[in-house]
2 protein chains.
Amino acid sequence: MYRSELTRVPSDTIRAALVRRLRTSSGISDDDVKEIEALPIAVRQYPAETPVVRDGERATDCCLIADGFCARSKTIPSGKRQILSIHIPGEIPDLMSLFLHVMDHDLSTLTPCTLGFIKHETLRKLHQRSPSVAELFWRDTLIDSAMFREWIVNVGQRPAPARLAHVMIELRERLRVIERLDGNSFEMPLTQEQIGEALGITAVHANRVIKQLRQEGIAELHRGRVTVLDERKFLELADFDGRYLHQSPTL
Amino acid sequence: MYRSELTRVPSDTIRAALVRRLRTSSGISDDDVKEIEALPIAVRQYPAETPVVRDGERATDCCLIADGFCARSKTIPSGKRQILSIHIPGEIPDLMSLFLHVMDHDLSTLTPCTLGFIKHETLRKLHQRSPSVAELFWRDTLIDSAMFREWIVNVGQRPAPARLAHVMIELRERLRVIERLDGNSFEMPLTQEQIGEALGITAVHANRVIKQLRQEGIAELHRGRVTVLDERKFLELADFDGRYLHQSPTL
DNA sequence: TCCCGGTTCCAACAAAAGTTAAGGACGCCA
DNA sequence: TGGCGTCCTTAACTTTTGTTGGAACCGGGA
């Protein structure tokens, strides 16, 4: 699989992307930043394509992505898998496990990852101590929820090429906040199989759609990296309105 | 449109379905029940097919359904509409507006509704006074989120007949909690157009699928009411695992 | 009562997406 | 450096779903 540019992550940068994200989407007081920076976090390395928490499990920790990409997914009895969301550094994809005790989906790595684990217990205590941090995290889970709503629209209503473009732009706008864009290109470390699972189409069809975007000079996807060829066409195709990301405290 | 059996709802039953729901999914202390029963609620009647809050608006209240059915949806520029969820009495479909200030989707009635409005301000004060009620509501928004995840799977991975059966069973299991089942039948007041919008298919195809369920003796849908004809086939087709509804405090 | 508008239902055809199968590219490792 | 496994790519064919257009049904209001 694709390799994320994983270097040793110094301990003080583990929380950096999280704080940057919270600052962008919610505003956050200095006291709250201190609380978050004081949070005890157990850091562990995960290889690519590895489950972190599984559907049906009872989680005792929440998982902060320090580096690498993760995805959440559900697999139905027929064996088909649906990817529900893609996650990037600074996010806590399983924050919901704090109150939803049994996992109703899988969380797994896409690339090799550095993950920080925070005990539920610790978070619960923090919430009691600081209602403002609790609100911050609550809002974070609500933004997560808003992203699911848009994902439903994507899979339910847009033609396949627009679906792909939309997922690409959503990822880009989130990577922008944590300063992970590289000119007109950015990482999207999914195989075509996984892209299919994200868009609700087969891998073969995903391939057709990727080819189409390339041939029409809209965007290129090569070895887990998206390069935008024509920004105007790209935006138009994706039908993207980023309001649902709530990337501003006023939204 | 279909008419919900809307009778005058006495003031003391407005909170009843909410309390029953919270009791089922989260457990709830007597003190919390008292807090909720003391909540000032402004009751209003809405006709069928009427917007309650619109995409882009800033809400100042949350809306508790006392009677009738509502739906949340998003409409994209091409004019296509996706229904994201169906809501029943006792639910607060726009609880998320407490922290997501600008609506990213529409909430509208399906049938004539009795709605109770609770000021954001009131809820925020309640949260400060009672962290346990805050957790209760937080968990409620997380269950909402879990339902979106399953909806993504439904639209993304299941064949159209299974999608329909799945939505039907989900609705049934939620109606069960508030004791709104009637033997082997229950209300599902959507037009075929709306069913299509919920499943990510066209109304014509929705019609084909409904016809198929009827012809195969699985379930019948007539005038906004589902009648299950063969429970075994119905469950098998729907591929339903209700864990994601978290209808127990231990889940 | 009859008409009207919104549903429901259906058929014929078109387009999108799934299935199957197979060859080619590429990185990894022995 | 050669072989292996994974991923990418494509073609041919099938199935599902969308589109268009029209008929039948049904309830409510004039």
Side-chain angles (χ1 to χ4, degrees), chain A residues 1-5 47-50 76 78-83 110-112 154-165 188-216 219-227 237, chain B residues 1-5 47-50 76 78-82 109-112 154-165 188-216 219-227 237:
Chain A
M1 257 303 316
Y2 302 109
R3 168 137 312 162
S4 174
E5 297 92 69
E49 303 280 352
T50 308
I76 60 177
S78 73
K80 286 173 188 285
R81 191 170 89 122
Q82 175 69 46
I83 289 181
L110 289 167
T111 64
N154 205 39
V155 170
Q157 298 300 334
R158 284 191 263 262
R163 285 186 214 178
L164 176 57
M188 178 162 138
L190 307 208
T191 65
Q192 296 191 352
E193 178 71 39
Q194 291 163 339
I195 289 173
E197 290 170 345
L199 306 183
I201 60 181
T202 58
V204 173
H205 197 54
N207 181 272
R208 285 195 272 253
V209 171
I210 292 164
K211 182 183 170 187
Q212 192 186 327
L213 291 206
R214 193 189 329 116
Q215 285 181 342
E216 295 181 1
E220 186 148 25
L221 177 54
H222 188 60
R223 337 206 79 260
R225 177 163 282 276
V226 178
T227 306
L237 175 63
Chain B
M1 255 306 318
Y2 302 109
R3 169 135 313 161
S4 174
E5 297 91 68
E49 302 281 352
T50 308
I76 61 177
S78 72
K80 287 173 188 285
R81 191 170 89 121
Q82 174 70 45
T109 62
L110 289 167
T111 64
N154 205 39
V155 170
Q157 297 299 336
R158 284 192 263 262
R163 283 186 216 179
L164 176 57
M188 178 163 139
L190 307 208
T191 65
Q192 296 189 353
E193 178 71 41
Q194 290 163 338
I195 289 172
E197 289 170 346
L199 306 183
I201 60 181
T202 57
V204 173
H205 197 54
N207 181 270
R208 284 196 273 251
V209 171
I210 292 164
K211 181 183 168 186
Q212 193 185 325
L213 291 205
R214 193 189 328 115
Q215 284 181 343
E216 295 182 359
E220 186 148 25
L221 177 55
H222 187 62
R223 338 208 84 259
R225 176 163 282 276
V226 178
T227 306
L237 175 63

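Predicted model, so just to flag it, every value in this text is computed and none were measured. Sequence lines set the chain letters: A, B, ... in the order given, protein chains first and strands last, and positions in each chain run from 1.
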Between C1' of dC9(C) and NE2 of His222(B), the distance in whole Å | 13 Å
Given atom CD of Gln215(B) and atom P of dT8(C), what is their separation to the nearest angstrom?
-> 17 Å
Do Arg208(B) side-chain and dG18(D) base share a donor-acceptor contact under 3.5 Å?
-> yes
Using whole Å, report how far CD of Glu197(B) lies from P of dT17(D).
-> 17 Å
What closest approach, in Å, do Leu237(B) and Pro161(B) show between heavy atoms, and which atom pair accounts for it?
-> CD2-O, 3.8 Å
Using atom CD of Gln194(B) as one end and atom P of dG6(C) as the other, report the distance to the nearest whole Å.
-> 14 Å
What is the distance from atom CD of Gln157(A) to atom CZ of Arg163(A), rounded to the nearest 0.5 Å?
-> 9.5 Å
Considering only heavy side-chain atoms of Val204(A), the closest of dA21(C), dT20(D), dC26(C) is dA21(C)
Scan Gly200(A) against the nucleic acid and name what it touches under 4.0 Å (heavy atoms): base, sugar-phosphate only, or nothing.
-> sugar-phosphate
Can you check whether Asn207(A) has a side-chain N or O nearer than 4.0 Å to OP1 or OP2 of dC8(D)?
-> no
Between dT16(D) atom C1' and Leu164(B) atom CG, what is the distance in whole Å?
-> 16 Å
For the residue pair Val155(B) and Ala198(B), what are the closest heavy atoms and their distance?
-> CG2-O, 3.9 Å
Just compare dC8(D), dT8(C), dG18(C) and give me whichever is closest to any side-chain atom of His205(A).
-> dG18(C)
Of the non-hydrogen atoms in Ile195(B) and Ala206(B), which two are nearest, and what is the gap between them?
-> CG2-CB, 4.2 Å
Atom-to-atom span, CD of Glu193(A) to P of dT20(C) - whole angstrom | 14 Å
Ile201(A) CD1 to dA15(C) C1': how many Å, rounded?
-> 15 Å
Respond yes when some side-chain nitrogen or oxygen of Lys211(B) is under 4.0 Å from OP1 or OP2 of dC10(C), and no when none is.
-> yes
In whole Å, what is the span from the CD atom of Gln157(A) to the C1' atom of dA16(C)?
-> 15 Å
Side-chain donor/acceptor of Glu220(A) to backbone N/O of Val226(A), under 3.5 Å = no
Sugar-phosphate only, base, or nothing, as touched by Ala160(B) at under 4.0 Å among non-hydrogen atoms = sugar-phosphate
Arg214(A) vs dC8(D): side-chain N/O to OP1/OP2 distance below 4.0 Å | no
